Amino acid sequence: DAISAAGFAGINIPGEWGGGGMGMQGLAVVIEETARTGAALLMLVVSSGIAGTVLARHGTDEQKERWLRGIAAGTTRIAFSITEPDAGSNSHQIRTELRRDGDRYLLKGQKYYISCVEHAHAILSIARLRREGGELGLPTICIVDADAAGLTKDPIPMPYLGADRQWTLFFDDVEITLDGVGARGRVRRAQPRAHRRCRCAHGRRSARARQGRGLRQRAPGLEDADRRPPGDRSPARQGEDRARARAADESEGGGAVGCG
(Lines give C-alpha, C1' and ligand atoms only; values in the text may rest on other atoms or scores of the structure.)
Protein backbone atom coordinates (compact mmCIF):
# COMPACT_ATOMS: atom_id res chain seq x y z
CA ASP A 1 0.00 0.00 0.00
CA ALA A 2 2.84 2.38 0.81
CA ILE A 3 4.50 1.68 -2.55
CA SER A 4 1.22 2.39 -4.34
CA ALA A 5 0.47 5.52 -2.33
CA ALA A 6 3.90 6.89 -3.23
CA GLY A 7 3.19 6.33 -6.93
CA PHE A 8 5.83 3.63 -7.40
CA ALA A 9 3.56 0.70 -8.33
CA GLY A 10 2.92 2.17 -11.76
CA ILE A 11 6.14 4.04 -12.27
CA ASN A 12 6.66 2.25 -15.61
CA ILE A 13 3.12 2.88 -16.91
CA PRO A 14 2.67 5.75 -19.42
CA GLY A 15 1.60 9.02 -17.86
CA GLU A 16 -1.60 9.27 -19.90
CA TRP A 17 -2.85 6.18 -18.05
CA GLY A 18 -1.93 7.38 -14.61
CA GLY A 19 1.61 6.03 -14.36
CA GLY A 20 5.00 7.61 -13.85
CA GLY A 21 6.08 7.23 -17.47
CA MET A 22 9.58 6.02 -16.55
CA GLY A 23 9.41 2.64 -18.28
CA MET A 24 11.07 -0.58 -17.21
CA GLN A 25 14.23 1.18 -16.09
CA GLY A 26 12.29 3.13 -13.50
CA LEU A 27 10.47 0.00 -12.33
CA ALA A 28 13.78 -1.88 -12.05
CA VAL A 29 15.09 0.77 -9.65
CA VAL A 30 11.97 0.46 -7.48
CA ILE A 31 12.22 -3.35 -7.43
CA GLU A 32 15.92 -3.27 -6.54
CA GLU A 33 15.43 -0.75 -3.76
CA THR A 34 12.52 -2.62 -2.18
CA ALA A 35 14.49 -5.87 -2.38
CA ARG A 36 17.49 -4.17 -0.74
CA THR A 37 15.36 -3.42 2.31
CA GLY A 38 14.31 -7.06 2.55
CA ALA A 39 10.80 -6.49 1.14
CA ALA A 40 11.06 -7.95 -2.37
CA LEU A 41 7.69 -7.61 -4.13
CA LEU A 42 7.20 -10.16 -6.90
CA MET A 43 3.85 -8.59 -7.78
CA LEU A 44 5.69 -5.52 -9.08
CA VAL A 45 7.41 -7.73 -11.64
CA VAL A 46 4.30 -9.70 -12.59
CA SER A 47 1.54 -7.06 -12.53
CA SER A 48 3.35 -3.82 -13.30
CA GLY A 49 6.26 -5.20 -15.30
CA ILE A 50 4.60 -7.92 -17.38
CA ALA A 51 0.85 -7.26 -17.48
CA GLY A 52 1.24 -3.49 -17.42
CA THR A 53 3.79 -3.47 -20.23
CA VAL A 54 1.72 -5.79 -22.45
CA LEU A 55 -1.43 -3.70 -22.01
CA ALA A 56 0.39 -0.41 -22.51
CA ARG A 57 1.89 -1.58 -25.79
CA HIS A 58 -0.89 -3.66 -27.29
CA GLY A 59 -4.15 -2.99 -25.46
CA THR A 60 -7.07 -1.05 -26.83
CA ASP A 61 -8.07 2.21 -25.15
CA GLU A 62 -11.00 0.39 -23.56
CA GLN A 63 -8.71 -2.28 -22.13
CA LYS A 64 -6.25 0.31 -20.86
CA GLU A 65 -9.04 2.24 -19.16
CA ARG A 66 -10.36 -0.96 -17.58
CA TRP A 67 -7.07 -2.41 -16.34
CA LEU A 68 -4.07 -0.14 -16.84
CA ARG A 69 -5.19 2.74 -14.63
CA GLY A 70 -5.73 0.32 -11.77
CA ILE A 71 -2.28 -1.21 -12.24
CA ALA A 72 -0.75 2.26 -12.25
CA ALA A 73 -2.58 3.17 -9.04
CA GLY A 74 -1.73 -0.14 -7.38
CA THR A 75 -5.42 -0.92 -6.87
CA THR A 76 -5.55 -3.62 -9.57
CA ARG A 77 -3.16 -6.57 -9.50
CA ILE A 78 -2.85 -8.98 -12.42
CA ALA A 79 -1.01 -12.31 -12.35
CA PHE A 80 0.60 -13.83 -15.45
CA SER A 81 0.22 -17.45 -16.59
CA ILE A 82 2.08 -19.09 -19.44
CA THR A 83 3.91 -22.14 -18.00
CA GLU A 84 2.43 -25.59 -18.66
CA PRO A 85 3.54 -29.07 -17.55
CA ASP A 86 4.42 -30.28 -21.06
CA ALA A 87 5.58 -26.99 -22.58
CA GLY A 88 7.33 -24.98 -19.90
CA SER A 89 7.26 -21.36 -21.05
CA ASN A 90 7.57 -22.16 -24.78
CA SER A 91 4.50 -20.33 -26.06
CA HIS A 92 4.53 -22.31 -29.33
CA GLN A 93 4.08 -25.61 -27.51
CA ILE A 94 1.33 -24.69 -25.06
CA ARG A 95 -1.97 -26.56 -25.29
CA THR A 96 -4.30 -24.21 -23.42
CA GLU A 97 -6.82 -23.14 -26.04
CA LEU A 98 -9.36 -20.45 -26.84
CA ARG A 99 -12.31 -21.82 -28.78
CA ARG A 100 -14.86 -19.62 -30.52
CA ASP A 101 -18.41 -20.33 -29.39
CA GLY A 102 -20.89 -17.93 -30.97
CA ASP A 103 -20.37 -14.46 -29.55
CA ARG A 104 -17.79 -15.58 -27.01
CA TYR A 105 -14.60 -17.56 -26.53
CA LEU A 106 -14.11 -20.49 -24.15
CA LEU A 107 -10.74 -20.92 -22.41
CA LYS A 108 -9.68 -24.47 -21.58
CA GLY A 109 -6.38 -25.86 -20.31
CA GLN A 110 -3.91 -25.99 -17.45
CA LYS A 111 -1.12 -23.74 -16.18
CA TYR A 112 1.29 -24.48 -13.38
CA TYR A 113 3.90 -22.77 -11.19
CA ILE A 114 2.02 -19.49 -11.52
CA SER A 115 2.99 -16.77 -9.04
CA CYS A 116 0.98 -14.14 -7.18
CA VAL A 117 -2.43 -15.69 -7.87
CA GLU A 118 -3.45 -15.27 -4.24
CA HIS A 119 -3.04 -11.49 -4.52
CA ALA A 120 -4.43 -11.04 -8.03
CA HIS A 121 -7.73 -9.55 -9.16
CA ALA A 122 -7.25 -11.00 -12.65
CA ILE A 123 -4.92 -13.30 -14.58
CA LEU A 124 -3.25 -12.49 -17.89
CA SER A 125 -3.08 -15.89 -19.56
CA ILE A 126 -1.52 -17.09 -22.81
CA ALA A 127 -3.53 -19.55 -24.90
CA ARG A 128 -3.72 -20.59 -28.55
CA LEU A 129 -6.71 -20.05 -30.77
CA ARG A 130 -8.46 -23.19 -31.96
CA ARG A 131 -9.04 -22.63 -35.67
CA GLU A 132 -12.08 -23.75 -37.64
CA GLY A 133 -10.11 -26.66 -39.06
CA GLY A 134 -9.33 -27.91 -35.56
CA GLU A 135 -5.63 -27.02 -35.39
CA LEU A 136 -4.16 -24.70 -32.78
CA GLY A 137 -3.11 -21.27 -34.05
CA LEU A 138 -1.00 -18.40 -32.79
CA PRO A 139 -0.49 -17.60 -29.10
CA THR A 140 -3.01 -15.05 -27.83
CA ILE A 141 -3.35 -13.31 -24.49
CA CYS A 142 -6.59 -12.87 -22.58
CA ILE A 143 -7.49 -11.49 -19.18
CA VAL A 144 -9.62 -13.60 -16.87
CA ASP A 145 -11.11 -12.48 -13.56
CA ALA A 146 -9.49 -14.31 -10.66
CA ASP A 147 -12.91 -15.52 -9.49
CA ALA A 148 -14.24 -16.50 -12.94
CA ALA A 149 -16.59 -19.46 -13.18
CA GLY A 150 -14.72 -22.53 -14.39
CA LEU A 151 -11.35 -21.42 -12.97
CA THR A 152 -9.83 -23.70 -10.31
CA LYS A 153 -6.73 -22.63 -8.35
CA ASP A 154 -4.70 -25.25 -6.47
CA PRO A 155 -1.68 -24.22 -4.37
CA ILE A 156 1.56 -26.14 -4.98
CA PRO A 157 3.45 -27.27 -1.85
CA MET A 158 6.89 -25.68 -2.03
CA PRO A 159 10.07 -26.75 -0.17
CA TYR A 160 10.72 -23.26 1.17
CA LEU A 161 9.01 -20.64 3.26
CA GLY A 162 8.30 -17.41 1.42
CA ALA A 163 5.77 -14.67 1.01
CA ASP A 164 4.72 -15.74 -2.48
CA ARG A 165 2.98 -19.00 -3.32
CA GLN A 166 2.90 -21.06 -6.51
CA TRP A 167 -0.29 -22.33 -8.13
CA THR A 168 -1.71 -24.77 -10.64
CA LEU A 169 -4.59 -23.28 -12.62
CA PHE A 170 -7.31 -25.22 -14.40
CA PHE A 171 -9.45 -23.41 -16.98
CA ASP A 172 -12.61 -25.42 -17.66
CA ASP A 173 -14.40 -23.57 -20.46
CA VAL A 174 -13.95 -20.18 -18.80
CA GLU A 175 -16.05 -17.67 -20.71
CA ILE A 176 -14.26 -14.86 -22.54
CA THR A 177 -16.88 -12.52 -24.00
CA LEU A 178 -16.46 -10.44 -27.14
CA ASP A 179 -18.50 -7.35 -26.37
CA GLY A 180 -17.24 -6.71 -22.85
CA VAL A 181 -20.72 -6.78 -21.27
CA GLY A 182 -20.37 -8.75 -18.04
CA ALA A 183 -16.96 -9.73 -19.35
CA ARG A 184 -14.82 -12.29 -17.64
CA GLY A 185 -12.01 -11.17 -19.88
CA ARG A 186 -11.14 -9.87 -23.34
CA VAL A 187 -9.18 -11.38 -26.21
CA ARG A 188 -7.44 -9.70 -29.11
CA ARG A 189 -5.23 -11.11 -31.86
CA ALA A 190 -2.04 -9.29 -32.72
CA GLN A 191 -2.14 -7.14 -35.86
CA PRO A 192 0.54 -7.60 -38.55
CA ARG A 193 2.70 -4.77 -37.19
CA ALA A 194 2.50 -6.22 -33.69
CA HIS A 195 3.39 -9.61 -35.17
CA ARG A 196 6.68 -8.24 -36.43
CA ARG A 197 7.35 -6.37 -33.22
CA CYS A 198 6.62 -9.40 -31.03
CA ARG A 199 8.59 -12.01 -32.98
CA CYS A 200 9.94 -14.44 -30.41
CA ALA A 201 13.54 -14.03 -29.29
CA HIS A 202 14.39 -17.60 -30.25
CA GLY A 203 13.37 -16.78 -33.82
CA ARG A 204 15.86 -13.91 -33.92
CA ARG A 205 18.59 -16.12 -32.49
CA SER A 206 17.88 -18.87 -34.98
CA ALA A 207 18.09 -16.35 -37.83
CA ARG A 208 21.54 -15.26 -36.68
CA ALA A 209 22.62 -18.86 -36.32
CA ARG A 210 21.61 -19.59 -39.91
CA GLN A 211 24.09 -16.94 -41.07
CA GLY A 212 26.85 -19.29 -39.89
CA ARG A 213 26.80 -22.99 -39.08
CA GLY A 214 23.01 -23.32 -39.14
CA LEU A 215 22.84 -21.87 -42.66
CA ARG A 216 25.43 -24.39 -43.89
CA GLN A 217 23.36 -27.24 -42.46
CA ARG A 218 20.36 -26.08 -44.48
CA ALA A 219 22.40 -25.74 -47.70
CA PRO A 220 25.51 -27.96 -47.58
CA GLY A 221 26.41 -27.01 -51.16
CA LEU A 222 27.27 -23.39 -50.34
CA GLU A 223 30.34 -21.90 -51.93
CA ASP A 224 33.54 -21.58 -49.89
CA ALA A 225 32.90 -17.85 -49.65
CA ASP A 226 29.67 -18.61 -47.80
CA ARG A 227 31.48 -20.76 -45.26
CA ARG A 228 33.58 -17.94 -43.92
CA PRO A 229 32.42 -16.35 -40.62
CA PRO A 230 29.86 -13.58 -41.28
CA GLY A 231 32.28 -10.86 -40.17
CA ASP A 232 34.83 -11.92 -42.81
CA ARG A 233 32.41 -11.66 -45.73
CA SER A 234 31.80 -8.65 -47.91
CA PRO A 235 28.89 -6.32 -46.95
CA ALA A 236 26.99 -7.50 -50.02
CA ARG A 237 27.44 -11.15 -49.02
CA GLN A 238 26.36 -10.41 -45.44
CA GLY A 239 23.24 -8.70 -46.76
CA GLU A 240 22.36 -11.73 -48.86
CA ASP A 241 22.86 -14.02 -45.87
CA ARG A 242 20.60 -11.89 -43.69
CA ALA A 243 17.90 -11.90 -46.37
CA ARG A 244 18.07 -15.69 -46.67
CA ALA A 245 17.97 -16.07 -42.88
CA ARG A 246 14.89 -13.85 -42.61
CA ALA A 247 13.15 -15.73 -45.40
CA ALA A 248 13.89 -19.08 -43.74
CA ASP A 249 12.73 -17.77 -40.37
CA GLU A 250 9.46 -16.49 -41.83
CA SER A 251 8.83 -19.75 -43.68
CA GLU A 252 8.93 -21.59 -40.33
CA GLY A 253 6.40 -19.17 -38.83
CA GLY A 254 7.23 -16.51 -36.24
CA GLY A 255 5.51 -16.11 -32.92
CA ALA A 256 3.15 -13.30 -32.13
CA VAL A 257 1.03 -12.44 -29.16
CA GLY A 258 -2.13 -10.47 -28.71
CA CYS A 259 -3.42 -9.03 -25.50
CA GLY A 260 -6.44 -9.19 -23.33
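Remember, it's a predicted structure, so these values are computed and weren't measured experimentally.
- Here the side chain of Glu84 pairs a donor or acceptor atom with the backbone of Arg95 at under 3.5 angstrom.
- Here the side chains of Lys111 and Phe80 are not in contact, with every heavy-atom distance at 4.5 Å or above.
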### Task
Please assess Thr168 against Gln110 for the test side chain to side chain contact (heavy atoms under 4.5 Å, CB included), listing each intermediate value before the final yes or no.
CA-CA 7 Å; Thr168 298; Gln110 176 185 355; 3.6 Å; yes

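- Atom CG of Asn90 is separated from atom OG1 of Thr83 by 11.0 Å, given to the nearest 0.5 angstrom.
- For the pair Ala127 and Leu107, the tightest heavy-atom approach, listed with the atom from each and the gap, is CB-CD1, 3.6 Å.
- Here the side chains of Cys142 and Tyr105 are not in contact, with every heavy-atom distance at 4.5 Å or above.
- Thr34 contributes a side-chain N or O that, together with a main-chain N or O of Ile31, makes up a donor-acceptor pair within less than 3.5 Å.
- For Glu62 and Arg66, the salt-bridge test fails: no basic side-chain N is under 4.0 Å from an acidic carboxylate O.
- Residue Asp154 qualifies as enclosed at atom CG: its count of foreign heavy atoms under 6.0 Å is above 12.
- You'll find the side chain of Asp101 stays beyond 4.5 Å of the side chain of Asp173, heavy atoms only.
- Transitive grouping of hydrophobic side chains (ILVMFWY, heavy atoms separated by less than 4.5 Å) brings Met24 and Leu42 into a common cluster.
- Linking ILVMFWY side-chain heavy atoms closer than 4.5 Å, directly or via other members, places Val144 and Leu129 in a single hydrophobic cluster.
- Hydrophobic clustering, with ILVMFWY side chains joined whenever heavy atoms are under 4.5 angstrom apart, groups Leu41 together with Leu124.
- Heavy-atom neighbours of Glu132 CD from other residues, nucleotides or ligands within 6.0 Å: at or below the threshold of 12.
- The shortest distance between side-chain heavy atoms of Trp17 and Glu65 falls below 4.5 Å.
- By the criterion of side-chain heavy atoms lying less than 4.5 angstrom apart, applied directly or through intervening Ile, Leu, Val, Met, Phe, Trp or Tyr residues, Met22 is grouped together with Val45 in one hydrophobic cluster.
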### Query
Can you check side chain to side chain contact (heavy atoms under 4.5 Å, CB included) on Leu136 and Arg130, steps first, answer last?
CA-CA 5 Å; Leu136 288 173; Arg130 178 70 69 178; 3.5 Å; yes

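- Between Ile126 and Thr96 there is no side-chain heavy-atom pair separated by less than 4.5 Å.
- Ala149 approaches Val174 most closely through the heavy-atom pair O-CG2, 3.7 Å.
- Here the closest heavy-atom approach between residue Tyr113 and residue Met158 is recorded as CE2-SD, 3.8 Å.
- In this structure, Ile13 and Leu68 have side chains that are in contact, with non-hydrogen atoms separated by less than 4.5 Å.
- A heavy-atom distance below 4.5 Å is found between the side chains of Leu151 and Ile123.
- Between atom CD1 of residue Ile50 and atom CG of residue Leu55 there is a gap of 12.0 Å, rounded to the nearest 0.5 Å.
- Between Phe8 atom CZ and Ile3 atom CD1 the span is 6.5 Å, to the nearest 0.5 Å.
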#### Entry: Residues Lys108, Asp172; criterion side chain to side chain contact (heavy atoms under 4.5 Å, CB included); working and verdict
CA-CA 5 Å; Lys108 189 176 185 66; Asp172 187 10; 3.1 Å; yes

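- A heavy-atom distance below 4.5 Å is not found between the side chains of Ser115 and Asp164.
- Atom CD of residue Glu32 and atom CG of residue Leu27 lie 10.0 Å apart, to the nearest 0.5 angstrom.
- When the side chains of ILVMFWY residues are joined at heavy-atom separations under 4.5 Å, either directly or via intervening members, Ile156 and Phe170 end up in two distinct hydrophobic clusters.
- Closest of all the heavy-atom pairs between Cys116 and Met43 is CB-CE, 3.3 Å.
- In this structure, Ser81 and Ser125 approach most closely via the heavy-atom pair OG-OG, 2.9 Å.
- Minimum heavy-atom separation, Gly74 to Ser4: CA-OG, 3.4 Å.
- One N or O on the side chain of Arg128 and one on the backbone of His92 form a donor-acceptor pair closer than 3.5 Å.
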